[in-house]
Amino acid sequence: MIRRIGPDQITPQSRRAKLDAVNFAWKSTRSCGSSFMSHFRQVKDKTELSEEDKKWVNSIRVVYEKGNLSDARVKYMDQLKIDWRTPVE
């Protein structure tokens, strides 16, 4: 079983010791599998986008313009090598 919490959040200490004894994995080694992150990883280092990539970037821009894009995702989008805040054609 994999948890995304750290051992410092487990109380009492005896419970943490029992979990450690069975080699409990405290942090997941998996990458985030959300649709956003999957698409982001595909376009992150591109300077020229496919038609599907353009559709995705434009849809994210619309979400941003409506004020519905989280600050964390804006930071991810700012890592792109293209200007995602203007329509991509």
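- Atom NZ of Lys54 sits about 7.0 Å away from atom CG of Leu49, to the nearest 0.5 Å.
- Between Phe36 and Ile60, some side-chain heavy-atom pair lies under the 4.5 Å cut-off.
- Two residues are said to be in side-chain contact when any heavy atoms from C-beta on lie closer than 4.5 Å; Leu69 and Arg61 fail this criterion.
- At a threshold of 4.0 Å, the pair Lys55-Glu52 does not count as salt-bridged, since none of the basic side-chain nitrogens sits closer than that to a carboxylate oxygen.
- Within a 6.0 Å radius of CD in Glu48, other residues, nucleotides and ligands contribute 12 heavy atoms or fewer.
- A 4.5 Å side-chain heavy-atom check between Phe40 and Gln79 finds at least one atom pair inside the cut-off.
- Residues Val62 and Tyr76 fall into different hydrophobic clusters, defined by Ile, Leu, Val, Met, Phe, Trp and Tyr side chains chained together at heavy-atom separations under 4.5 Å.
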Dump the intermediate steps for side-chain contact (heavy atoms from CB on, under 4.5 Å) on Tyr64 and Arg73, then the final yes or no. CA-CA 9 Å; Tyr64 172 76; Arg73 288 189 174 180; over 6 Å; no
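- A pairwise comparison of heavy atoms in Met77 and Trp84 identifies O-CD1, 3.1 Å as the closest pair.
- A distance-only check finds a donor-acceptor pair linking the side chain of Asn58 to the backbone of Val88 [under 3.5 Å].
- The closest side-chain heavy-atom distance from Arg85 to Leu80 is not below 4.5 Å.
- When all heavy atoms of Ile82 and Lys46 are compared, the closest pair comes out as CG2-O, 4.0 Å.
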